[in-house]
Amino acid sequence: MHVALFHVRTRRPRAGAEYQRLLDALNGSAVAAVEDMGWTASLHAAGSDPEHTLRRASREADVVVLLDGDDIDPSLYAQSDRRPTRTPYERRADRLQIAVIMDAVSQRRPLLGICRGHQLLNVALGGTLRQHVSGHRGTGADPFVDVAVPGIATLAPGLLPPALCTHHQAVDELGRGLHAVLHADDGVIEAIAHETLPFLGVQWHPEHPAVARAQLQGLLRAVHRRGAAREIQLTSRVVGR
């Protein structure tokens, strides 16, 4: 099995260097978790890699993963910028990662969205975001907080707390075909799934080095099984005609 992981970029201006180091650590942990399964992984920067390379990587993958990163341009869900602190958007990455999602829709390719990827999945399918929420991001040296998510163990075999979050935006109105699977105690949507396609999105960070072996691997197996089950259903319908 090959997993194509899409992130935003590999380099940032000096002001964003610390944030890039955080993302690099999460991305590296995700790649390591995939390879530890005996699967192969490739990492692709949607903000800078050639468009044809990104699209080919998506088409050739058995599973697509959209990783964390910057806030999503609210014009994509017909809103203005309402954030209390305005950071730059990565509009190229938004556009090309949404193209990857829509390709997965047409091909029924298994897809897992993580944090930004979870939000992008919702936006790509016509949903909206809450542009600012509190209590889901650390304020000290450690940006991650352990958020209570009742029922987390039901999402995939072997999936157990903690749900380590570091975000200030969240899914609001759900996109076409999506439904909320898990909520935090404060009502924030922490996991979404598609009614018919093998898509999952989680707001927390299953690729965090402390939990990646159990959480990310469990979610990848779950989304891949959804895709395999969907193919069996489609094949059975064709054969039965």
Side-chain angles (χ1 to χ4, degrees), residues 1 3 5 26 29-30 32-34 36-39 62-68 101 104-105 108-125 127-130 133 135-138 144-167 169-234:
M1 292 295 150
V3 181
L5 302 107
L26 292 171
S29 177
V34 172
D36 189 54
M37 298 168 68
W39 295 7
D62 296 295
V63 179
V64 165
V65 177
L66 300 177
L67 294 164
D68 189 27
I101 293 169
V105 170
R108 297 182 172 85
R109 183 174 299 113
L111 182 146
L112 174 64
I114 296 172
C115 197
R116 166 185 162 90
H118 159 86
Q119 295 169 12
L120 265 173
L121 173 58
N122 189 58
V123 170
L125 297 182
T128 66
L129 301 181
R130 297 170 61 183
V133 297
H136 288 249
R137 183 165 63 184
F144 295 93
V145 294
D146 181 355
V147 173
V149 182
I152 189 173
T154 65
L155 193 59
L159 199 66
L160 297 171
L164 298 174
C165 288
T166 179
H167 66 95
Q169 298 196 322
V171 166
D172 191 9
E173 296 176 5
L174 288 161
R176 296 179 301 276
L178 295 171
H179 62 277
V181 180
L182 298 175
H183 294 79
D185 279 349
D186 62 2
V188 169
I189 295 174
E190 287 289 333
I192 58 177
H194 197 276
E195 294 171 355
T196 59
L197 297 170
F199 292 178
L200 285 174
V202 296
Q203 183 61 75
W204 74 89
H205 285 273
E207 84 283 27
H208 189 286
V211 297
R213 179 182 290 270
Q215 291 193 8
L216 182 59
Q217 291 183 1
L219 288 168
L220 287 171
R221 291 190 178 98
V223 77
H224 180 258
R225 278 195 297 270
R226 288 181 181 220
R230 177 66 178 167
E231 287 301 312
I232 291 171
Q233 290 174 356
L234 292 173

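Residues take their numbers from the sequence shown, with the count starting at 1. Values below: every heavy atom of this structure, side chains too, minus hydrogens, waters and symmetry copies.
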Answer yes or no: is there a side-chain heavy-atom contact under 4.5 Å between [X] and [Y]?
X	Y	result
V34	V65	no
D185	P150	yes
L220	W39	yes
V188	V147	no
V171	L121	no
V105	L125	yes
R213	D36	yes
P157	R225	yes

Please answer whether the main-chain N or O of [Y] pairs with a side-chain N or O of [X] as donor and acceptor at a distance below 3.5 Å.
X	Y	result
Q215	P162	yes
N122	T128	yes
H205	E207	no
Q169	L129	no
E195	H179	no

Donor + acceptor pair across side chains of H136, D186 (<3.5 Å): yes
Quick one: closest heavy-atom pair of [X] and [Y], and the distance?
X	Y	result
G227	P110	CA-CG, 4.0 Å
A222	L155	CB-O, 4.4 Å
G151	T154	O-OG1, 2.6 Å
A180	L174	N-CD1, 3.7 Å
V223	V63	CG1-CG1, 3.9 Å
Q203	A170	OE1-CA, 3.9 Å

For the [atom1] atom of [X] and the [atom2] atom of [Y], what is their distance to the nearest 0.5 Å?
X	Y	atom1	atom2	value
T196	R226	OG1	CZ	11.0 Å
F199	I101	CZ	CD1	8.0 Å
I114	L66	CD1	CG	9.0 Å
Q119	D172	CD	CG	11.0 Å
H224	L219	NE2	CG	14.5 Å

message: Walk me through whether H118 and I192 qualify under side-chain contact (heavy atoms from CB on, under 4.5 Å).
response: CA-CA 8 Å; H118 159 86; I192 58 177; 3.7 Å; yes
- prompt: Do you know which of V145, V211, T166, L182 makes side chain to side chain contact (heavy atoms under 4.5 Å, CB included) with W204?
  reply: L182
query: Could you go step by step and tell me if R137 and C165 meet the side-chain contact (heavy atoms from CB on, under 4.5 Å) rule?
result: CA-CA 6 Å; R137 183 165 63 184; C165 288; over 6 Å; no
